[in-house]
Number of protein chains: 2
Amino acid sequence: MNIQPLFDYIARYVALTIEEQELLLANVNRRRYLKGQYIVQQGDICQFENFVLSGCVKSFYIDPEGHEHIAMFAIENWWVTDLGSFIKQRPADYNVLCLENTELVQFHHKKLEELYQKIPSLERFFRIIIQNAFVASQDRIVQSMSVPARERYLAFRQKYPQIERRVPQYMVASYLGITKEFLSKIRSQLIHEQ
Amino acid sequence: MNIQPLFDYIARYVALTIEEQELLLANVNRRRYLKGQYIVQQGDICQFENFVLSGCVKSFYIDPEGHEHIAMFAIENWWVTDLGSFIKQRPADYNVLCLENTELVQFHHKKLEELYQKIPSLERFFRIIIQNAFVASQDRIVQSMSVPARERYLAFRQKYPQIERRVPQYMVASYLGITKEFLSKIRSQLIHEQ
DNA sequence: AAGGGATGTTAAACTAGGTTAATAGGCTCT
DNA sequence: AGAGCCTATTAACCTAGTTTAACATCCCTT
């Protein structure tokens, strides 16, 4: 399992010395999951921040009526965890499930805290990527308020074509906050339109 | 204008030395705005990350049809900016407008970058608060998908009673992603119910 | 090759929430 | 004290999106 993509990804934001890279390497786990396995389950105390080397996962919430709501997908070069559970070390509200066989680099909560002390650049790196994630998240809130489902679907398609190809349609619908039936209707409208 | 609330706020997450506090103090602006003034306008390159010492502001997006969508409110001890614009130094998508006379501590983009280098704890501090903001933002997305407007209103009321008292109802409606008429209907239902 | 689960479609009936418009109360300013 | 704006309410009508249910399709497995 080649960890190089992680270093390449980090190098886009900060420069780590060789020693820092080695220290980091000594303090992460690599792990394979099979399609259908859970990386995090609602109720767990989430131990890891995960970087996806290969594969595809979804993070989702099951509401009291038993309906699933997909918070995000993650594929190669994305990060995924239940961040609330990870940082506060409290039971997870979300599940993270593999949609394909998946390879991860896992940062254990406690070891990451230690790494932050030893490698200030790493803390900088996480500050930057979380900032970016927060901006995207805010935009998604405003989009869900101001943009109708059809346009949101078109935007999703444009922004994440790789994901649309890899996950079933009903999960895309859930991510967009609509039912699979309604997404199906939107798609048939789009087809018959031109 | 007393800046102590900022130091108290920071001290909840990291410990700054006296020298670090002085360095910080020498590199921030304090500024007063009047009710109705803009802190950020759509199209500006946003120069500042702002900490609210007193007052109340809203951050909002105007969609192509001219409808306003409130992304967040900020009162005492909150942070507000157009973060996307601030970090990428690109034109702002959002506006930030004072709903009351407001006092801010402003961190200039360039000076903040310098402060990060000189005060690693400050970068740690921002990493932590942005992490928290991101978790809250993700939860809001999932709530908007899984919880009907009425319950979202009740949750808002419970979570931010100070804000509900200080801002007009139609802005609460906008924040919740519903029309003012529908919020009014929900409220009258709640009243006639018990 | 047949059976079963997971995925996608269609359509009819329904509902949460939006739109429009009229009304009214409460500020603030002169 | 009246003019004017900002804020809230109510009600009739409308629509984007949901629910239910039936049916079609595509794998995957034995």
Side-chain angles (χ1 to χ4, degrees), chain A residues 34-37 56 58 60 62-70 73 97-101 141-157 163-193, chain B residues 34-37 56 58 60 62-70 73 97-101 141-157 163-193:
Chain A
L34 297 176
K35 178 174 174 172
Q37 289 187 319
C56 181
K58 65 175 172 178
F60 61 102
I62 307 275
D63 71 25
E65 282 86 53
H67 296 123
E68 172 176 323
H69 303 275
I70 297 184
F73 298 105
L97 176 68
C98 296
L99 303 176
E100 301 174 3
N101 296 344
I141 289 173
V142 170
Q143 287 232 349
S144 77
M145 298 197 290
S146 61
V147 178
R150 177 197 155 104
E151 321 304 324
R152 261 153 44 219
Y153 171 59
L154 290 171
F156 175 83
R157 232 162 119 159
I163 295 179
E164 210 209 352
R165 264 180 261 117
R166 283 162 78 169
V167 310
Q169 223 183 90
Y170 70 88
M171 293 189 193
V172 174
S174 171
Y175 174 85
L176 293 173
I178 59 180
T179 58
K180 57 191 164 57
E181 291 84 357
F182 190 52
L183 178 54
S184 185
K185 193 181 200 171
I186 287 170
R187 283 167 52 85
S188 94
Q189 279 171 10
L190 287 171
I191 289 162
H192 292 108
E193 205 151 88
Chain B
L34 297 177
K35 178 174 175 173
Q37 289 187 318
C56 181
K58 64 175 173 179
F60 61 101
I62 307 274
D63 71 25
E65 281 87 53
H67 297 122
E68 172 175 324
H69 304 275
I70 296 184
F73 298 105
L97 176 67
C98 296
L99 303 177
E100 301 173 3
N101 294 345
I141 290 172
V142 171
Q143 287 232 347
S144 77
M145 298 197 289
S146 61
V147 179
R150 177 197 154 104
E151 322 303 323
R152 269 164 23 230
Y153 171 59
L154 290 170
F156 175 83
R157 232 163 117 159
I163 294 179
E164 212 210 352
R165 265 180 259 117
R166 283 163 77 170
V167 311
Q169 223 183 91
Y170 71 88
M171 292 189 194
V172 174
S174 171
Y175 175 85
L176 293 172
I178 60 179
T179 58
K180 58 190 162 61
E181 292 85 356
F182 189 54
L183 178 54
S184 185
K185 195 182 200 171
I186 288 170
R187 284 167 50 85
S188 92
Q189 279 171 11
L190 288 171
I191 289 163
H192 293 107
E193 205 151 84

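The figures here come from the full heavy-atom set of this structure, side chains too, leaving out hydrogens, waters and symmetry mates.
- Annotation: side chain of E68(A) is not in contact with side chain of L97(A) (no heavy-atom distance under 4.5 Å).
- On the nucleic acid side, DNA chain C has its first and last nucleotide under 4.0 Å of a heavy atom of chain A at dT7(C) to dT10(C), going 5' to 3'.
- Rounded to a whole Å, the CD atom of E164(B) is 10 Å from the P atom of dA8(D).
- Between Q169(B) and L183(B) there is a side-chain heavy-atom pair separated by less than 4.5 Å.
- Closest of all the heavy-atom pairs between R152(A) and Q143(A) is CD-O, 3.7 Å.
- Residues I178(A) and Y170(B) each lie close to DNA chain D; by heavy-atom proximity, the contact nearer the 5' end of the strand is made by Y170(B).
- If you take CG of L183(B) and P of dA11(D), they are 17 Å apart, rounded to a whole angstrom.
- Residues S174(B) and M145(A) come closest through the heavy atom pair O-SD, 3.6 Å.
- Between I70(B) and F60(B) the shortest heavy-atom distance is CA-CB, 3.9 Å.
- Residue M171(B) is the one, among T179(A) and M171(B), whose nearest nucleotide of DNA chain D lies closer to the 5' end (criterion: closest heavy atom).
- Comparing the local axis fitted to the first five base pairs of the helix from dA1(C)-dT30(D) to dT30(C)-dA1(D) with the one fitted to its last five gives a bend of 40°, rounded to 10°.
- When distances are taken from the side chain of E181(A) to each of dT19(D), dT18(D), dT10(D), the shortest belongs to dT19(D).
- N101(A) places a side-chain N or O within 3.5 Å of a backbone atom of K35(A) that can act as its donor or acceptor partner.
- Residue R187(B) contributes atom CZ, which lies 15 Å from atom P of dT7(D) at whole-angstrom precision.
- Within the structure, a side-chain polar atom (N or O) of S188(B) is placed less than 4.0 Å from OP1 or OP2 of dT10(D).
- Counting only distance, with no hydrogens or angles, the side chain of H67(A) and the backbone of D63(A) share no donor-acceptor pair below 3.5 Å.
- Counting any heavy atom pair closer than 4.0 Å across all strands shown, F182(B) reaches a base atom.
- Distance, Y153(A) OH to dG17(D) P: 15 Å, rounded to whole Å.
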